[in-house]
Amino acid sequence: MTVNERKKVILYNPIAVFFDMPLALLAIGSALDSEKFEVIIIDARIEDDAWKAIQHHLDEAICFGVTCLTGRPIKDAIDISRKVKTHNPDLPVVWGGWHTSLFPEATLKDECSIDVTVQGQGERTFIELIDAFSNQSSLVDIPGICFKNEAGEVVKNRPRTIVPMDEFASINYDLIDVEKYFQKKGRRQLDYISSTGCYFRCTFCADPQVYERKWTAVSPVKMLDTLEALHKKYRFTDLNLQDETYFTYRNRVVEIAQGIIDRKLDFTWAATMRADQGSRLSEEEFETCVKSGMRRLLIGVESGSQEMMDWLKKDIKMEQVILCAERCAKYNVAAIFPFIVGFPNESIESVNATVDMALNLNKQSEDFSTPIFYFKPYPGTAITDDVVKSGYQMPQTLLEWADFDYIGSSGPWVDAEKFQFFERYKFYLKLAYSKKKKLLFPIQWLAKKRCQSKNFNFPIEKRIIERLKKQQQLS
Ligand code: B12
Ligand code: SF4
């Protein structure tokens with residue numbers, strides 16, 4: 001088969017915030033045999049006119065694949081899928097990703113432009129789907145999908161067991177314009193994911209439901225070979241590891257860090273760390289990570305109250321968070337410690353503990369930040385299942401899920417007074433403890449006083465700074 005005879009597979013990343021590389025599409029696109037299929041990734045965040053770019057390939061395509069998170073991306077994904085179906089009614093439209101993993105059948109029932117939804121890990125499933133489309137064979141034996149049969153009925157196949165990541169082909173970043181992402185990000189930062197799933201059981205997270213507390217990862221040597229080749233090719237200066245829990249196995253992480261040092265790969269890296277896993281690293285092992293370029297960690301704390309952490313089934317002790325913070329401060333590693341407030345029935349003591357913990361962490365290093373989110377009942381989580389049982393009404397249709405982002409809102413369990421307090425607290429924490437700028441010194445001093453006394457009345461500095469920022473954005 002010549003290159004021109006290859007069948008086209010179009011993959012679409014809907015409009016979203018930030019410019020993380022479309023790792024899901026890269027993963028499923030790289031899994032296909034490049035001798036037989038030409039994969040075209042169209043990312044609405046990058047393309048000036050995504051629909052025009054899609055149309056260009058539509059008549060030669062054998063499948064249109066879409067990746068979709070719950071929330072706003074759904075709206076754009078529906079619009080584009082409908083256009084594709086109108087233009088070419090026979091072209092199979094496949095949706096995969098977190099939303100269809102959580103709502104296999106409902107997504108198909110609600111939207112007639114979608115033919116197949118994929119659940120969980122997609123690489124093997126997509127290979128089998130594309131083979132079936134190109135041979136016009138049946139979908140009944142493909143695990144991990146839900147599809148509409150010829151009678152229009154929705155059929156859910158058996159689930160697919162997680163496949164070890166080492167069995168997959170390496171990711172082909174040439175499927176995207178890497179330089180364009182570097183430009184949009186404003187830095188030569190490569191996104192990469194080295195593991196799938198998670199062993200833990202946090203009750204606010206969908207991972208336990210989607211991956212059934214299973215985990216698989218690329219082995220250290222394969223990962224190092226891949227990173228070395230990618231570094232040579234793209235000259236990235238920073239690696240953004242998107243794994244849910246990168247530090248799952250201490251030996252693996254240390255071997256990779258040591259490999260980066262030995263191979264003299266000159267880049268920094270950032271990853272997510274569970275505090276229990278971080279605290280099990282010896283100081284020497286932590287130092288090896290630092291030497292290999294570890295520059296920033298994201299350590300989910302969620303609450304300043306141990307009782308609340310236990311209720312969330314985080315399986316993390318506060319002392320472990322404190323130890324990780326001390327290490328980061330000592331070795332000048334930046335850290336983001338996200339918190340969540342506004343869980344259903346959260347006590348005032350728990351909220352206060354979170355407020356104090358965030359302040360204490362900020363005091364430890366100007367490279368620490370403590371974003372505070374408001375709890376939103378994302379689907380597929382144990383807490384959401386519980387609130388639904390006690391009568392909480394979740395969105396019912398795919399279109400309603402598209403409106404489910406609450407960006408900028410306080411979520412269902414935070415009243416207006418608390419919301420105002422936290423919006424001010426977050427602002428003053430950031431102002432007071434972020435890197436010191438000489439000019440801002442008096443304002444930072446004042447902001448510190450405000451945070452310590454929790455007094456945010458008459459927030460004149462906030463208004464002035466926000467107004468100045470708005471003017472800057474306009475000009
Ligand atoms: C990068 C990222 C983002 C990026 C999105 C980039 C993009 N492409 O649009 C940004 C920063 C914008 C983002 C935002 C948010 N995110 Co986010 N994010 C991630 C993260 C860290 C990595 C995603 C990724 O690239 N994974 C790597 C790829 C290879 O895995 P994957 O996406 O699961 O894809 C596999 C399968 O799902 C499947 N598949 C996926 N798509 C398709 C398509 C087809 C056709 C097929 C066949 C298969 C398939 O095959 C792939 C390979 O196995 C994940 C956690 C994680 N590690 O996955 C959270 C995660 C997806 N985010 C999550 C959440 C909650 C959010 C936010 C709400 C956070 C917040 N508080 O604001 C927001 C809002 C999302 C929105 N509505 O827009 C949740 C999922 C929620 C949900 N139900 O959708 C996750 C799982 C984190 C978590 N454990 O809670 N996020
Ligand atoms: S929050 Fe993190 S550690 Fe907890 S279940 Fe989700 S992915 Fe795993």
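Numbering of ligands and ligand atoms starts at 1, following listing order.
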Practice problem: State whether the shortest distance between N or O atoms of Gln242 and N or O atoms of ligand 1 falls below 3.5 angstrom. | Solution: yes
Quiz item: Short list, please: which atoms of ligand 1 are under 4.0 Å from a heavy atom of Gln121?
Solution: 53 (O)
Quiz prompt | Glu285 side-chain N/O to Ser282 backbone N/O, donor-acceptor pair under 3.5 Å | solution = yes
Quiz prompt | Heteroatom proximity flag, Trp98 to ligand 1, N/O under 3.5 Å | solution = yes
Quiz item: If you measure every N/O of Glu244 against every N/O of ligand 1, is any gap under 3.5 Å?
Solution: yes
Quiz prompt | 4.0 Å heavy-atom contact, His99 with ligand 1 | solution = no
Quiz prompt | For ligand 1, the portion of Leu11 having any non-hydrogen atom under 4.0 Å away | solution = neither
Quiz item: Which atoms of ligand 2 sit under 4.0 Å from any heavy atom of Cys198?
Solution: 3 (S), 5 (S), 7 (S), 8 (Fe)
Quiz item: So which bit of Lys314 gets within less than 4.0 Å of ligand 2, heavy atoms only: side chain, backbone, both or neither?
Solution: neither
Practice problem: Cation-pi check, Arg327 to Phe286: give yes when NZ or CZ is under 6.0 Å from the six-membered ring centre and within 45° of the ring axis, no otherwise. | Solution: yes
Self-check item: Side chain, backbone, both or neither: Thr70 near ligand 1, heavy atoms under 4.0 Å
Solution: both
Quiz prompt | Contact (N/O only, under 3.5 Å) between Asp207 and ligand 1 | solution = no
Quiz item: With a 4.0 Å heavy-atom cut-off (strictly under), which part of Pro73 contacts ligand 1: side chain, backbone, both or neither?
Solution: side chain
Quiz item: Hey, is CD on Glu167 packed in by over 12 heavy atoms from elsewhere, all under 6.0 Å?
Solution: yes
Practice problem: Using a 4.0 Å heavy-atom threshold (strictly under), name the region of Leu69 that reaches ligand 1: side chain, backbone, both or neither. | Solution: both
Quiz item: Does even one non-hydrogen atom of Ile28 get within less than 4.0 Å of ligand 1?
Solution: yes
Quiz item: Backbone, side chain, both or neither: what part of Val118 comes under 4.0 angstrom of ligand 1, heavy atoms only?
Solution: side chain
Quiz item: Would you call Lys233 and Asp174 a salt bridge, taking side-chain N to carboxylate O under 4.0 Å as the test?
Solution: yes
Quiz prompt | Atoms in ligand 1 flagged as close to Val66, the criterion being non-hydrogen separation under 4.0 Å | solution = 43 (C), 44 (C), 45 (C)
Exercise. Examine distances only and state if a side-chain atom of Asp243 and a backbone atom of Ser195 form a donor-acceptor pair shorter than 3.5 Å.
Key: yes
Quiz item: Any non-hydrogen atom of Pro14 lying under 4.0 Å from ligand 1?
Solution: no
Exercise. Begin with the C-alpha distance, continue with both residues' side-chain angles, and end with the deciding distance and a verdict on side chain to side chain donor-acceptor pair (under 3.5 Å) for Glu111 and Ser113.
Key: CA-CA 6 Å; Glu111 181 51 41; Ser113 66; 2.7 Å; yes
Quiz item: Between Arg274 and Phe200, is NZ or CZ placed under 6.0 angstrom from the six-membered ring centre and within 45° of the ring axis?
Solution: yes
Quiz prompt | Side chain, backbone, both or neither: the part of Ala16 lying under 4.0 Å from ligand 1 by heavy atom | solution = side chain
Practice problem: List the closest protein heavy-atom neighbour of atom 6 (Fe) of ligand 2: residue, atom name, distance to the nearest 0.1 Å. | Solution: Cys205 SG, 2.4 Å
Practice problem: Using atom types as modelled and distance alone, determine if a side-chain donor or acceptor of Lys317 lies under 3.5 Å from a backbone N or O of Gln306. | Solution: no
Practice problem: For ligand 1, note which part of Asn13 has a heavy atom under 4.0 Å away: side chain, backbone, both or neither. | Solution: side chain
Practice problem: Could you tell me whether Phe373 and Phe339 have their ring centroids closer than 6.0 angstrom? | Solution: no
Self-check item: Sidechain-backbone polar pair: Asp33 side chain, Glu35 backbone, donor-acceptor under 3.5 Å
Solution: yes
Quiz item: Going by the order shown, which atoms of ligand 2 are within less than 4.0 Å of some heavy atom of Glu244?
Solution: 7 (S)
Quiz item: Where the closest heavy atom to atom 2 (Fe) of ligand 2 is concerned, which of Leu312, Asp207, Thr245 has it?
Solution: Thr245
Quiz item: Measuring from Ser279:OG to Glu319:CD, what's the distance to the nearest 0.5 Å?
Solution: 9.5 Å
Practice problem: Find out whether Leu58 and Trp51 are in side-chain contact, i.e. whether some heavy atom of one side chain is under 4.5 Å from a heavy atom of the other. | Solution: yes
Quiz item: Any heavy atom of Pro379 sitting closer than 4.0 Å to ligand 1?
Solution: no
Quiz item: Could an N or O of ligand 1 be found under 3.5 Å from any N or O of Glu123, whether backbone or side chain?
Solution: yes
Quiz item: Do Trp95 and ligand 1 have an N or O pair less than 3.5 Å apart?
Solution: no
Self-check item: Ring center gap for Tyr181 and Phe19 short of 6.0 angstrom
Solution: no
Quiz item: Between Phe103 and Trp95, does the ring centre distance come in under 6.0 Å?
Solution: no
Quiz prompt | Numbering as shown, the atoms of ligand 1 that approach Gly71 to under 4.0 Å (heavy-atom distance) | solution = 77 (N)
Practice problem: Decide whether the shortest distance between a heavy atom of Ala206 and an atom of ligand 1 is less than 4.0 Å. | Solution: no
Practice problem: Please check if the distance between the ring centroids of Trp413 and Tyr392 is under 6.0 Å. | Solution: yes
Practice problem: Would you kindly specify which portion of Cys202 sits under 4.0 Å from ligand 2, judged on non-hydrogen atoms: side chain, backbone, both or neither? | Solution: both
Quiz item: What atoms of ligand 1 come closer than 4.0 angstrom to any heavy atom of Cys205?
Solution: 89 (N)
Exercise. Please report which non-hydrogen protein atom sits nearest to atom 3 (S) of ligand 2, along with the residue it belongs to and the distance in Å to one decimal place.
Key: Arg274 NH1, 3.3 Å
Practice problem: Say whether, by atom type as modelled, one donor and one acceptor occur between the side chain of Thr107 and the main chain of Pro104 under 3.5 angstrom. | Solution: no
Quiz item: So, do Tyr374 and Phe419 have ring centers that fall under 6.0 Å from each other?
Solution: yes
Exercise. Please confirm whether Arg45 comes under 4.0 Å of ligand 1, counting heavy atoms of the residue only.
Key: yes
Practice problem: May I ask you to decide if Val218's main-chain N or O and Arg252's side chain share a donor-acceptor pair within less than 3.5 Å? | Solution: yes
Quiz prompt | Thr125 to ligand 1, any heavy atom closer than 4.0 Å | solution = no
